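On a predicted model such as this, the values are computed, not experimentally measured, just so you know. Both ligands and their constituent atoms are indexed starting at 1 by order of listing.
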Amino acid sequence: MFWKDSGGRSSGGGGLEQSGVGPFGQVRVLVVGDSGVGKSSLVHLILKGSSIARPAQTVGCTVGIKHITYGSAGGSSNNIISDVERNFFVELWDVSGHERYRACRSIFYTQINGVIFVYDLSQRKTKTNLNKWAVEVAETGTFSAPLGSGGPGGLPVPYLVIANKVDTVPIDGSRVSSGSLVDFARQWVEKQGLLPSSEELPLTESFPGNSGLRSAAKEARYDKEAVIKFFRMLIRRRFFSNELAAPSPWSLTPREDSVLPLETLKDDVHSFQRKSYSGEDFMHKGVTPMPAQRNLAPPPNLSPQQPAFSLDNYRYHRFSSPSLPDVMSSSRTSREDIDV
Ligand SMILES: Nc1nc2c(ncn2[C@@H]2O[C@H](COP(=O)(O)OP(=O)(O)OP(=O)(O)O)[C@@H](O)[C@H]2O)c(=O)[nH]1
C-alpha cells in the first residue's frame, strides 16, 4: 500500500457536526523534511504522546489523525459559537523524505492547510534543504484557506519549523559534526571568534526564520502546547475566519531568542483542551521570558511570511483571549467554499 491511515477516519471537509458533539471538520497538515530527520518519530509523539523506539521508514506517505477541540466550554451565552467545544480532526500527512518518492510525492500535496517543516539539528544540510521542500510544496501543491502573502518558496499557508534531535547537540551549544563542509567551516570560523553568533554566517539557501521549535522526538520532548496552538490556528483560519487577505499575525519576524524551552510533556491532551487562549498560557508552565524577550519593540517587518510560532508571534497573534470572542462570533464562513 502506498500510504496508510494510521489514526482513524477523517470527517471530510466540515460541517458534519451533530448536536455539537460530532466531528465538525478537518484541517490537513503536511509534515516534510529530509529522510531520517525524525518526522515519523515526531508525528508518533504528537499523536500518541510517547516516543517510538524503531520507526519504520515511511513508504510514500502515512496519514495520522489528531483529535482537537476548538471553542470554549464556558463561553458566553451571547455568543452562540463560543458556547460549544467543537471537534476537529487534524490530518498529519507524514511524507517520506526519501529520494525514491521525489517524482511522485506531490500527489500528497492536496488541499493543504499548513506545513510542518522538520530538520535535524545536528545536520545543517537538512535545514538548508527545507527551502527545496518549501518550493516543491508551493509549486506542486493545492491549498485550503491560503494566505494573502507567500512564505518560503511562495508557500501560501502557515508553517512551523521544528528542529529535531536536540538531544544530539551538546548543551553548551557547540555543534556536533554534521559531515558538511559548510558546517566544518562554520565551526572553524566560530572558534576563531570571528562571528558573534553561529547563525550570522551566511548560508546559501538558508531557510527563513532561524527560530522555531526544538524537539527530541526520541526522548518524547517537544513543545506540545505550541504545536496544538498551531493546529488550532489552522482550524480557526479554515472554519472561523473571514480575514484571509488581512496581514497575517504569523508573518511577524521572529527573533533569534524565540526558541521555546523544551519540556518533557505528559500526554494531557484533555486538560490542555480545557485551557483558554490567554497569552499567559503561552508562558509555558510558569517559565518566564528571558530579559531580552520582555522589552523589545514589536518587529517592524510584516513580510515575507515567517514561521507561525515564536514568542513574538504569540504576542501579536489573534489567539489571545480578548480576540477570541471576535473570532468566534464571526459567521461561519466562506471557508467552506474551498472544501476538499
Ligand atoms: N537522537 C535522536 N534520534 C532520533 C530523534 N528522532 C528520531 N530519531 C531517529 O532518527 C531515525 C529516523 O527517524 P524517522 O522518524 O524514521 O525519520 P523520518 O524523517 O520519518 O524518515 P523518512 O521516513 O525516511 O522520511 C530513527 O532511527 C529515529 O529513532 C531524536 O529526537 N533524537
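Not counting sequence neighbours, K39 has no partner by the salt bridge (Lys or Arg N to Asp or Glu O under 4.0 Å) test. By the salt bridge (Lys or Arg N to Asp or Glu O under 4.0 Å) test, R100 is found to be paired with no residue, residues two or more places apart in sequence or in another chain being considered.
Residue contacts with ligand 1, taken as heavy atom pairs separated by less than 4.0 Å, involve V37 via backbone and side-chain atoms alike.
Less than 4.0 angstrom separates some heavy atom of G97 from each of these atoms of ligand 1: 25 (O). Close approach to T168 involves these atoms of ligand 1, each under 4.0 Å from a residue heavy atom: 1 (N). Of all atoms in ligand 1, numbered sequentially from 1 with element shown, those under 4.0 Å from a heavy atom of K39 are 15 (O), 17 (O), 18 (P), 19 (O), 20 (O), 21 (O), 22 (P), 25 (O). The ligand atoms of ligand 1 that sit less than 4.0 angstrom from a heavy atom of D34 are 19 (O). Using a 4.0 Å cut-off to heavy atoms of T58, the atoms of ligand 1 that qualify are 23 (O). Annotation for ligand 1: atoms under 4.0 Å from non-hydrogen atoms of D167 are 1 (N), 2 (C), 30 (C), 31 (O), 32 (N).
The shortest contact between atom 12 (C) of ligand 1 and any protein heavy atom is with G36 O, 3.6 Å. The nearest protein atom to atom 17 (O) of ligand 1, hydrogens excluded, is given as G38 N, 3.1 Å; this is a heavy-atom distance. Among all non-hydrogen protein atoms, the one lying nearest atom 31 (O) of ligand 1 is A217 N, 2.9 Å. Regarding atom 10 (O) of ligand 1, its nearest protein heavy-atom neighbour is K165 NZ, 3.1 Å. Among protein heavy atoms, atom 26 (C) of ligand 1 sits closest to P55 CG, 3.8 Å. Nearest to atom 3 (N) of ligand 1 among the protein's heavy atoms is K218 CD, 3.4 Å. Of the protein's non-hydrogen atoms, N164 ND2, 3.1 Å is the one closest to atom 6 (N) of ligand 1.
A donor-acceptor pair under 3.5 Å is absent between the side-chain atoms of S51 and the main chain of A217, judged by distance alone. Judged by distance alone, with hydrogens and angles left aside, the side-chain atoms of D120 form no donor-acceptor pair with the main-chain N or O of T126 at under 3.5 Å.
Between atom 7 (C) of ligand 1 and the options S35, S51, A163, S41, the minimum heavy-atom separation is to S41.
By the 3.5 Å distance cut-off applied to N or O atoms, H98 is not counted among the residues near ligand 1.
Ring geometry, F24 versus F240: the interplanar angle falls under 30°, so the pair is classed parallel (tilted spans 30 to 60°).
Using modelled atom types, one finds a donor on one side chain and an acceptor on the other under 3.5 Å when comparing N113 with S144. Looking at T110 and R28, their side chains do bring a donor and an acceptor atom within 3.5 Å of each other.
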For F239 and F88: C-alpha separation, side-chain torsions, deciding distance, then whether ring-ring contact (aromatic ring centres under 6.0 Å, His included) applies.
CA-CA 10 Å; F239 294 100; F88 292 88; 5.2 Å; yes
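Side-chain contact between I112 and W93 is absent, with no heavy atoms from C-beta onward closer than 4.5 Å.
V157 and V115 make their closest contact through CG2-CG2, 4.1 Å (heavy atoms, listed as atom of the first residue, atom of the second, distance).
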